[in-house]
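Just so it is clear, the values below take in all heavy atoms, side chains as well, and ignore hydrogens, waters and symmetry mates. In what follows, chains carry the letters A, B, and so on, assigned in the order in which the sequence lines appear, proteins first and then strands, with residues in each chain numbered from 1.
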Amino acid sequence: MTLPTLEGAKRDVATPILEVQGLTVEFGTRLGALRVVEDVSFTVAAGETVGLVGESGSGKSVSSLAVMGLISPRAGRVQADVLRFDGRDLLALDAKEQRAMRGSEMAMIFQEPMTSLNPVFTVGNQIEEAVRVHQRCSRKQARARAVEMLDRVGIADAHRRAKDYPHAFSGGMRQRAMIAMALINEPRLLIADEPTTALDVTIQAQILDLLRTLQRENGMSVVFVTHDLGVIAEIADKVVVMYAGQVVEHTGVEEIFGSPRHPYTEGLLSSMPQLARPGAPLVVIPGQVPNPDAWPVGCRFSPRCVYSEPQCDAAPVAITTVGESQTRCVRVSELTLPGSHWVALEEEAPAVPAAPVGKGSAAAPDALLDVTDLSKAFPIRSGLLRGVVGEVRAVDGVSFSIGKGETLGLVGESGSGKSTVARLVLRLVEPTAGCVMLDGAEVTALDAAGLRAVRSQMQIVFQDPYSSLDPRATIADTVGEPLEVHRGLRGGDRDAAVAELLERVGLSAELVRRYPHEFSGGQRQRIAIARALALEPSLLVLDEPVSSLDVSTQSQVINLLMELQAHFGLSYLFIAHDLSVVRHIADRIAVMYLGRIVEQGKSEEVYLRPTHPYTAALLSAIPVPSPQIGRRRERMVLEGDVPSPLDPPAGCRFHPRCAFAMDICAVRDPEPYVTETGTVVACHLHTEGPMLSGRPVTVLESKVGKQ
Amino acid sequence: MSFEMEPAIAADQITDEAFAIETGVGTIVEDPWRRVRRRFVHNKAAMAGLVIITLLLLVAVFAPLIAPYDPTATNVGPINAGPSAQHPLGTDSIGHDLLSQLVYAARASLSVAFIVVILASLAALPLGLTSGYFGRWIGGGIDWLMSALFTFPPLTLALAVAALLGPSLINSAIAVAIVFVPGIVRLIRSQVLAVREETFIEASRSIGVGSPRMIRKHVFPNTISPFIVQAALLMGYAIGAEAGLSFLGLGIQPPKVSWGSMLQNGYSTINETQWPLIPPVIAILLAILSFNLIGDGLRDALGRESFRVNE
Amino acid sequence: MGTYIVRRLALTVPLLLLVSVIVFGLSQLIQGDPAVVVAGGQQATPAGIERAREEMHLDRSTAAQYGIWLGGAVRGDLGESFYNNRTVAAEIFTRFPVTLSVALGAIFVTIVLGVPMGLIAGVRPGSKIDRIVTFSSSTGLAIPDFWLAMVLVTIFAVNLQWLPAIGYVPFTESPSEWANHLYLPWIAMGIPGAAGLARQVRGALIDAMEQDYIRTARAKGLPSRMVVMKHAFKNASIAPVTVLGISFAYMLGGTVILETIFSLPGMGQYFYTALINKDLPVIQGVVLLTALIFVVLNLLVDVLYAYLNPKVRLG
Amino acid sequence: MRELSQGARIRGDDMTSLNSVASRIRGSVAIVAVIAVGGLATVACGGGDSGGTSLRYGYDMSAQFTNTFDVAESKGDCDAVPMSYIYSSVLGYDPISGELLPELATEWVIEGGAKKSITLTLRDDVTFHDGTKLDAAAVKQGIDRNNKNDQLSGLDPIQTIEVVNPTTLKIQLKNNQAMPLLYTLADARDGMIMSPSSVDTAAERPIGSGPFKFIEYKPGQGITLERYDGYWEKDTYDFGGIEFTQVGTGPPALTALKAGSVDMIRAEMESLEAIESDENLGSVVQPSGAYLQFQMREAYKDGRKSPFADERVRKAMRYAINTEEINRIVEREKGEVASQPLPKDSPGYNASIANAYPFDPAKAKALLTEAGLPNGFEFTMAIPGPGIKNMADQGQLIQDQLKKIGVTAKIVPILGQDIATQYYIEGGGDAFAAARLASMFYPTAIDSQWGKYEFVAIWNGAENAVITDLMNKALGSNDQAEIAGFVQQAALYTSEHALEVPIAFMPQIIGFDKARVGGTFTGQYDICKAPDLSGLKMK
């Protein structure tokens, strides 16, 4: 059965499906009515994709919820000059009419696929419910539609999987199911609120592909809400940039990346690590996003704007329309902002240095940290007596080393075991096998006292700055704790040392008596870094230190880390899922997949000339913040999910998803192989494949589409 | 029943949380204790509870000044008399002044509640902290013990212990405290299990912080707020439990009185006059209700993001 | 699911063992010499006391006493009351139906009153009706059930004479008389129960209504009634069901004060008489039985929980 | 071996009274007989034939019945209440005159000196409910069987029972105390005779020769009895049967009566006003020989002397405790203020000491000063409890009264069965304020407290050679006047030496529903004695 073509698809593109003008959303709080969205205007034409982009707190999600009518009148007040869907005034509809429209004519998918499905009903039940509430049809018919839709969104064995409960679905599959649910009534408008943010980058690529395909088939319009400019570049036709509850720029996607007109847009773009020269400081938007109760009277971006002038702060700034573009900036006419550096950067790829080819290790000559064959198996308990019935080999024979003052980037998707490696190195988790040497001391053989002593030499910074600081301890207590424990510093001595550390990471020393909740994410991460530095370690393990931060804050922290490294001669083990961030900061990169390192080499080499199909796919999946390049390139989208580490595939663990898999891959584990550029790769393509001693790199490059 | 409701946060509850939930904007920066205080103070019901409990405590503390007679003095007036000018709440069957008894009973009932909660906490906090913090064997062992204690209906176990220990105020307090222990231990344990997974614990461990300091400095402070809420609610339960035990004669013993023993005394003459059953039950009701309101208010004030470990 | 149940069953064995230790441990709390009591109190002779001590195995080590007691308990022999001629097991057997009748009706009242109250409050948190429900349920929780029982008896049995004040008629004899004798205990016990359940349901519903999947359901265009009754309610029922199971188990353990006031020949009355007399075998027997009931019901609740929560069932 | 066997049972009955909802004290501790006087209630006769209607008798079986109808197994004195309607006893007893009456035995003859014997002549017209005829062999078997009950030590003095002929028995005693044995056979359970055919089944299906046949027992709920038309004393009972219905002691009982769920209950003193003020209810107040008492420990287990070892201190207690006030408040003035262990109507009553100790705190204070305790002292006063209303009330009143002479009494409630171990054996507490249960055979009232072989007396340090001697004489005598003389001497002695503080004799109360119950009947002269319902009519 083919879906009937929608009437809207045939319409004149100029007739907007969604018109939003002067949308304002207020929430009542103890501080009085708080406008979190003010004067937001944009239109969505039929078949068009509009990207709604902004950092957290910009009001982008609230705006989309307001359009869907999902803001309860008791919680917030939604006002608008115009809020029209397909010519109908949404604000004039009563609750029943609104409900009839939701899910049938406009639908929405959300950020959290893990929690957006009701855990106590089967997936099929929840999808067929969406049919039955809007259409008169039998349960059986609805079920058939649901199964068919699941099949269309790429759920294999849809008939059987429809009977599964959500917990049996992976994150990516759940998001597919959400999409199936949203699209089953063939809506004319889909609002996608950060639908891929919680997913791994390879899964994100799958979902974006799927959305694009379905959009093409159904001819629907999409409002795509995201914080990720790369995703915008890939998917949007028009872009609405929001900052502090307002639209600051509304224009076409090419214009945004080619010639941004608002300083904030420009700042966002230039702070992306993809757009910066590796190793160089990133462009930074100073300060932080203000809270809604503290929005400036004038231009809301003014306090952080390098182009700010006194006139910017005088009065609220109206939006200026120039041609198709709208910009909310006082100086819009006088400023000429630099555009994207993306293309230029790519051409500066460094020359390939020669390196020995063949089998061997990639140990740095003056290694500070030397990790050999590190493994960790977590027991699985099951059955009546909770006996050990198996194990998850989270980390399986990982070896690497880090030189003094060097940064090794460890990259992988969720489940790759990269965070376990971080904890194994510090012996926060006891390894099952393997050896960790730090500056000549065998960490894995130390007793408790020795371990405590060696901990002053290596420290860790965690991903989530919100949970890594004790909410009940002051900054002085947190940062000063290592000093108390190891040096016995107390009282004034300790506080003086803490103050010094805070200044070192760019925070005011006066903040020592404050509690973590008073700080923003970026500031908290600085505090965590200060704590890690307190004992003057030689090695810092950075476990995704910037991945939970907003783009503008992320660049601040990366700059700080690089500056500290230069100053103290620190070595970093930098763990991330984001290759572009790693490439920026790391000297060398190691790529992990299912507990193993599949590729390890100089970062520019790995980034520009991946030798492992997985690395290539990973790179290919990263959205490119340039609509021209991003949409032109041929992408290598990986099929399926990462297999369960409980039961990893035999042979090369990547082979079931590998486009180049050969027979041998399913049988034998590939040995590490050193390519001519010094990259160590574990892939049969290099030793057994048709490209034996050839240039597999080139093949992969062509697949990647030469970024 | 009508279902034409808009399920969302109600108008008068639109506070920061609602705002944060709906917007994802994050919360407005405020000192957590100040926020708790502000929210609590703005919670009319909780404040009413606090005021009532404060008044009851004042009555208990200043009982000698308030009570018109010695509560143990018999025969101070006619027996089984209704309210009169001399005896505003009347007298009981041996001529005790009921107002004086009510006032002094506040002492016993409230102090039992406090003793119970303190005793139970003293036992349960270390157990809960160790069982949550130390993994499989110690934690599992304590949890096993608590599961076993949990299988006994609270009143049944408390009665058995109180009867076997011999009836007295302190024994009934011990009995009630014992039945409160598993609940607190489990609460603390679940909190600790959650806190233990927090990164800041790992962060401290990576620094080389040992277990005692970890529990003292990081685990305990982060488990305290649900415990405070629980403690307030337990105060209410303790008053109820004491009343039950005393009503059955297994609690406080004459000549001391608690609200529960006043009910027992009143019940013995229920077919003659129902009047003596009213004042003590109002006192019990007010006290339990107030502790519940305070507990609910604390939960709302402490709850959600303000002290959530993972803010 | 099968493995899950078997596993839960297997886990109850060590639990019951510990429970039995605690119950036996109650005997260590007793002050004075039970042998003297059994031998006749003030009339006891030294020889009689010695004989009683032997009969009660008090001359053996504590561990041996535990073994003997546990051995009996496993076979259903809970000993004989110190003061009366029936075995604890036989007495419990005749009294249990009474307590079961009381608890069943009370739990029925609890559900019938508590669930709707919790629902209407929970769907509109902060509304007037919510505040009324919340306040009245808080009050309901704060009123001692025995006080309620006294008031009900005085009003409905003594003054109005609508219902009998005391006693019990087996269901098999006359269902209507059975109910007539139990209305008042059901209400006295059900009202505080309903108050507690209403709070539970309200809280769980509010929690559920804040979940992401509710937003999904609303985005689908489901009517509010379905959002609440289907999506929120099933999730919200998980916690209250657990609590309900526990309180039912506790009610079955004997409703000590109420059975005394209503002269119901149930386990509670039996237990109370034993308490006043320090009738150790009875106290131990009843406490052990209540714990057993709890364990069994908890098992059932867990199965129900697994049914409500597919993650547990299938995971 | 105990010689004063009858006393043993009664002694066990010491100390306690049942009251209030909380009081569930079982049999042996609780209970007592009454040297009863008077208390005949006459209620307007309702007319009409009520022969088929059953009396619903609200009774606290859960506290006062030990689940057996077999005397040999019975563990509680109060089992006698339902049993006495099923079984006939060897002898009867008039609670008013205190005289022995013929029942199954029509004549009794005492012979011998140091070891006496009793010859009983039995009726020949008695049949058991199963139709078996009662004869001397059945009575012998019944008594022998009852004697197997360890708790019934009243029968211990029996050496042998000889069946002389079908209507004659000869009982040979081990000692000279024949009168106590006769009273034992007239009392409660000891003299109840079961059908020889029911030896193995009596516990559950008793067969006696009493006025009512056993029909059904539902444990915890009720006992159903039906009038036995073959009862030897024909036409004594004019109603169809008795349904013992479970009600809790105290308020639940009265509530049930007021709600019409039962026709008759035993009521607590504090309920009397409520009954009297309810026009639908009637009451029977029966005086008894049980009395409220303040008992003092003179020596501890380890031989140390207590403050009460000093006679002046004991006398101070007698002056300080206001018996009038306690009678007024606790007994609602229905009791008889006591000056000695026996009430005015008892043959053993000694009028000369009636006003020996008027209430006089000043004198008490002076005596204390004399005893070297001018600032008073502190002691622990055990009371039966917890939750026994009149005991708690009395305790608090005494406490308050003693406070006025500077003596501090700390109240310690002791659970029923712990009285023996905690107060007497372990020695917890210096004094005991309780209800002293009276004895049917009045000499035992004194003997059980201060006699040589008294368990309580031994532990209490109160054993007294003078009284032991007087009592041995009284118990061994067959002559009422002689017995009364010894008892009066003993009473005088207890008063002169202030061995106790007797407070007030306690009446027993029956409440009934006037709409259902009429006729004339006698109340309970003791908690564990069945009311005589022979004149009762159902409306």
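In terms of heavy-atom pairs under 4.5 angstrom with chain C, the leader among A:M68, A:M108, A:Q111, A:Q126 is A:Q126.
Proximity of A:N125 to C:K230: side-chain heavy atoms (C-beta onward) are separated by under 4.5 Å at one or more points. The shortest distance between side-chain heavy atoms of A:N118 and C:T216 does not fall below 4.5 Å.
No side-chain donor-acceptor contact under 3.5 Å links C:R215 to the backbone of A:L70.
Atom CZ of A:R139 has 12 or fewer heavy atoms from other residues, nucleotides or ligands within 6.0 Å.
Residues A:A130 and C:K220 share a closest heavy-atom pair of CB-CD, 3.5 Å.
For A:M178, the part lying under 4.5 angstrom from a heavy atom of chain C is the side chain only.
Of the inter-residue distances, the one linking C:H231 atom NE2 with A:L117 atom CG reads 10.0 Å to the nearest 0.5 angstrom.
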